[in-house]
Amino acid sequence: MIEKGLLSEFQRTLGRENVFHEQVDRLSYSYDAAVLDPVLPDLIVRPVSSEALGRAIRLCNENSLPITVRGAGTNLSGGTIPLPGGVVILTSALNRILEINEADLYAIVEPGVVTARFAAAVEAKNLFYPPDPGSQAVSTLGGNAAENAGGLRGLRYGVTRDYVMGIEFFDSYGELVKAGARTVKCVTGYNLGGLLVGSEGTLGIFNRITLKLIPMPAAKKAMMAVFGDVRKASEAVALIIANRIVPVTLEFMDNFTIRAVEDFSHVGLPIDAAALLLIEVDGHPVQVAEDAARVDELCRRMGAMSVRVAETAEERDKVWEARRSALSALSRVRPTTVLEDATVPRSKIPDMVAAIEEIGNKFSLKIGTFGHAGDGNLHPTILTDRRDAEEWTRVEHAIDAIFEKALGFGGTLSGEHGIGLAKSRFLENETSRATITYSRRLKAALDPKNILNPGKIIGG
Amino acid sequence: MQDMRKLAELVKQLEDQLATCMRCGMCQAVCPVFAETGRETDVTRGKLALLDGLIREVFKEPSGVNERLTHCLLCGSCAANCPSGVQVLDIFLKARAILTAYMGLNPVKRLIFRGLLANPGFFDRFFQLASGVQGLFIKPASRYQGTSCARISFPLGNRHFNALAPVAFHNLGIPVNSAPGKSGIRVGFFTGCVLDKIYPRIGQAVVRSLDHHEVGSFVPRNQACCGIPALASGDTASFDRLVRHNLEVFAEEGLDYIVTACATCTSTIKKLWPAMAGEFSDRERSRLDDIAGRTLDISQFLIDVVGVNSVSTSQKDDKSNLETITYHDPCHLKKSLGVSAQPRALISANPRYRFAEMAEADRCCGCGGSFNLQHYDISLSIGRRKRDNIVASKSSVVATGCPACMLQIGDVLSQAGDPVQVRHVIEIYADSFD
């Protein structure tokens with residue numbers, strides 16, 4: 001428990017109504033969306049201004065209190081799980097969209113702005129902010145930048161990193177650092193913004209983020225292709241891209257997921273199909289029509305059992321409803337849902353899907369796989385019950401095996417969920433001892449008291 | 001000190017249901033209370049974590065958890081949006097019952113539920129008496145919503161409310177029994193407390209509509225509360241007593257349906273009676289399931305069973321004099337029962353109105369029954385958002401299907417001085433007979 005004197009200092013600094021320390025509050029900020037053990041912080045604070053945020057950080061620094069910043073707490077790798085005795089800084093009151101500049105195509109936001117709210121505000125001006133992580137209805141832009149979040153549109157439009165033009169952040173001493181600019185080009189100094197994106201709260205705490213905007217594509221068209229063979233589906237993906245068509249989304253669903261979705265929402269999916277591809281192209285209306293016809297033809301050439309092009313908004317919704325309900329459908333099968341995001345080069349998808357199936361059989365586990373086929377980012381989803389200790393051991397072995405396979409195929413541990421606590425022990429397998437040492441030295445130099453979300457990514 | 005281990009054992013019966021929450025946090029997107037406070041303990045994920053904490057014996061005493069559990073409208077928005085289908089209302093009502101049984105019922109609530117609510121005859125006489133003397137304490141506030149406010153702020157604060165009717169619905173002399181005409185259908189009419197004591201006019205509109213379609217009715221005078229206020233406070237004993245009383249009252253033979261004009265009563269009867277009723281005999285249980293299965297919202301009954309045809313605005317003869325009307329979806333109709341098209345269709349059956357959909361029509365109004373009494377400040381700010389959406393729809397009438405929502409919407413419109421009438425869907429429909 002935090003000592004009284006320090007507590008009153010936080011209360012004086014931030015306002016009594018923005019400091020929470022009761023046991024119920026401590027428990028309710030002890031977890032995120034990762035399947036990991038909760039850790040109770042000592043204190044939770046909610047700065048309501050930039051100045052208050054800076055003061056909170058300085059106070060933590062003076063007292064060597066570890067800080068974990070929390071947006072919506074939807075992290076899937078444990079990055080928002082605090083440390084014992086630590087302080088959770090909430091960004092929920094730093095939620096203003098400060099500027100949307102239509103002439104220079106950028107926006108400046110505070111870190112607590114909810115992604116979907118921002119996307120809607122931008123869209124109202126007929127502009128587009130593409131990153132759309134699955135949790136966008138609640139996730140915050142600060143969290144997205146800290147995790148370098150991806151989403152369904154990664155293939156064509158990239159991920160959060162590709163839209164961060166500048167970041168203003170507090171360092172571990174509570175001093176304000178400015179990186180990047182609101183210009184398209186900027187080579188001023190180190191690319192600190194690039195370093196901070198995806199740093200999971202270990203190198204600095206965001207105050208303001210400048211985000212790039214692009215024009216809203218005028219048209220889009222969705223379609224669903226059904227395959228009797230995973231390899232054929234994957235080859236279709238490769239063929240589409242080889243034909244110089246880059247769909248905005250190119251989603252994959254395996255047979256297990258197809259059956260779960262059909263059981264759950266009865267949208268009329270072919271339950272005997274080995275794989276589904278859900279594809280959407282966007283752009284100028286003429287090009288969209290052309291691309292859609294071409295994708296249709298390419299899928300058929302690759303042996304698709306059927307291809308259904310959505311002709312109306314209603315049909316389009318139906319196509320995406322299948323994808324949207326994938327996680328819901330899977331998560332209802334068993335109490336605990338472990339959502340992984342091991343990613344492989346897209347040509348390795350058939351091998352990876354086969355490997356995951358093998359792993360499921362080997363450890364007698366139910367695993368549904370869906371995900372972003374276009375960019376090789378799959379979501380093997382293990383359906384289990386964490387309360388069953390014996391089964392949980394098998395789950396842990398299966399996760400190890402999935403990582404090993406993904407790395408073996410030249411892939412990566414995490415496409416979009418981050419390393420956090422869940423995957424830090426695997427980091428060296430993908431990188432090298434020197435990478436870890438370099439990262440740790442960097443962290444030690446910038447955060448000598450080790451108060452910025454310690455233990456995440458690089459352990460220690 | 002209380003024995004937290006014993007409490008942990010009790011809460012453990014919820015463990016399987018609690019385990020289905022994967023902490024994804026999607027409930028934050030739709031929870032009206034969380035939208036106001038931004039605190040994790042105010043959203044479902046946080047509350048479920050607190051219940052988990054009770055099982056793991058993280059707390060030295062239960063009052064903190066118990067208090068946070070009341071920060072919930074029981075609107076079901078989270079459950080309707082939950083990817084993993086957590087049975088939120090079930091869990092919360094059971095948890096409230098466990099904690100209330102463990103900690104004891106608050107003495108004021110004990111007096112209200114056990115002394116008043118659970119004794120329907122006395123309850124009715126009490127309110128009749130209160131209706132007679134309320135004029136001493138309240139004064140008119142707005143003619144549009146017909147609201148009043150208190151002459152002194154205790155105990156109702158600055159609320160603008162619809163006062164108790166001079167004569168409750170059950171004393172209006174409506175025949176208890178009427179035979180079906182050409183429809184050949186006979187229904188029981190479950191009135192509910194707010195309709196009976198504050199809005200008898202809604203009951204009259206229900207009876208007129210049934211008569212209009214030659215539907216026979218059974219309207220017993222000694223009905224009791226559906227039980228939701230007691231259940232929401234964890235008083236399962238009073239809840240069971242009220243359910244039993246109503247089962248007896250509606251033990252009438254030959255009822256094809258039971259209709260209500262209260263979204264909350266409908267969802268309580270249909271969903272919570274079967275799920276939450278305690279030790280009932282097999283005979284009582286089958287009676288209960290039978291009644292729950294036959295209960296319908298009045299708009300659902302008229303559209304789906306009777307087959308009332310709606311008229312679209314373009315088909316209405318004289319478009320120049322149409323009044324604009326909007327509709328608020330009660331959570332207990334749309335989110336609990338999936339009823340949202342029928343009330344709109346019934347409104348459209350009145351040719352004098354042009355229908356205008358408001359933004360966020362299905363967002364909770366913030367009433368939440370006793371939530372409004374315990375957390376009026378949060379309730380009011382949720383209600384203001386509803387008020388803004390109603391006003392933005394440029395309607396002169398807002399209709400809805402729940403008397404409790406009408407109280408809340410009347411309050412926020414009246415306090416803002418807006419010239420918008422608050423009416424029940426069935427009143428709008430019954431007006432079309434004139």
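Looking at heavy atoms from C-beta onward, A:Pro38 lies in side-chain contact with B:Arg56 at the 4.5 angstrom threshold. Counting heavy atoms from C-beta outward, B:Val65 and A:Leu27 have side chains that stay 4.5 Å or more apart. Two residues are said to be in side-chain contact when any heavy atoms from C-beta on lie closer than 4.5 Å; B:Phe59 and A:Val24 meet this criterion. With contacts defined as side-chain heavy-atom distances shorter than 4.5 Å, the pair B:Pro83/A:Leu327 does not qualify. Side chains of B:Met22 and A:Thr336 form no contact here, defined as non-hydrogen atoms less than 4.5 Å apart. At least one side-chain heavy atom of B:Asp16 sits under 4.5 Å from a side-chain heavy atom of A:Arg387.
With respect to the salt-bridge test (charged N to carboxylate O, under 4.0 angstrom), the residues A:Glu22 and B:Arg68 qualify. Of the charged side-chain nitrogens involved, none lies within less than 4.0 Å of a carboxylate oxygen, so that A:Asp32 and B:Arg45 do not count as a salt-bridged pair.
Ranked by heavy-atom pairs shorter than 4.5 Å toward chain B, the options A:Ala34, A:Ser135, A:Ala33, A:Gly134 are led by A:Ala33. Residue with the most contacts toward chain A among B:Gly46, B:Ser84, B:Ala29, B:Gly85: B:Ser84 (heavy-atom pairs, distance under 4.5 Å). Ranked by non-hydrogen atom pairs under 4.5 Å with chain B, the options A:Thr74, A:Val138, A:Val333 are led by A:Val138.
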Going through the checks in order, is the side-chain contact (heavy atoms from CB on, under 4.5 Å) test met by B:Arg39 and A:Asp25?
CA-CA 9 Å; B:Arg39 288 179 75 162; A:Asp25 291 307; 3.1 Å; yes

Any chance you could lay out the side-chain contact (heavy atoms from CB on, under 4.5 Å) test for B:Lys60 and A:Gln23, step after step, and finish with the verdict?
CA-CA 9 Å; B:Lys60 289 196 187 70; A:Gln23 186 80 344; over 6 Å; no

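A:Tyr31 contributes no side-chain N or O that, together with a main-chain N or O of B:Arg23, makes up a donor-acceptor pair within less than 3.5 Å.
Around the CD atom of A:Glu314, the shell of radius 6.0 Å holds no more than 12 heavy atoms that belong to other residues, nucleotides or ligands. Within 6.0 Å of CG in B:Asn158 there are 12 or fewer heavy atoms belonging to other residues, nucleotides or ligands.
Of all heavy-atom pairs spanning B:Gly38 and A:Ser92, the tightest one is O-OG, 4.3 Å.
Contact annotation for A:Arg46: only side-chain heavy atoms (C-beta onward) come within less than 4.5 Å of a heavy atom of chain B. Contacts between B:Glu15 and chain A at a heavy-atom distance below 4.5 Å involve backbone atoms as well as side-chain atoms. Looking at A:Arg70, only its side chain comes within 4.5 Å of chain B, counting heavy atoms on both sides. Proximity to chain B is limited to the side chain of A:Leu40, based on heavy atoms less than 4.5 angstrom apart. Looking at A:Thr337, the atoms closer than 4.5 Å to chain B (heavy atoms on both sides) all sit in the side chain, from C-beta outward. Contacts of B:Cys21 with chain A are absent, with no heavy-atom separation under 4.5 Å from either backbone or side chain.
Atom OG of A:Ser28 and atom CG of B:Asp42 lie 9.0 Å apart (nearest 0.5 Å). Atoms CG and OG, from B:Asp52 and A:Ser30 in turn, are 9.5 Å apart once rounded to the nearest 0.5 Å.
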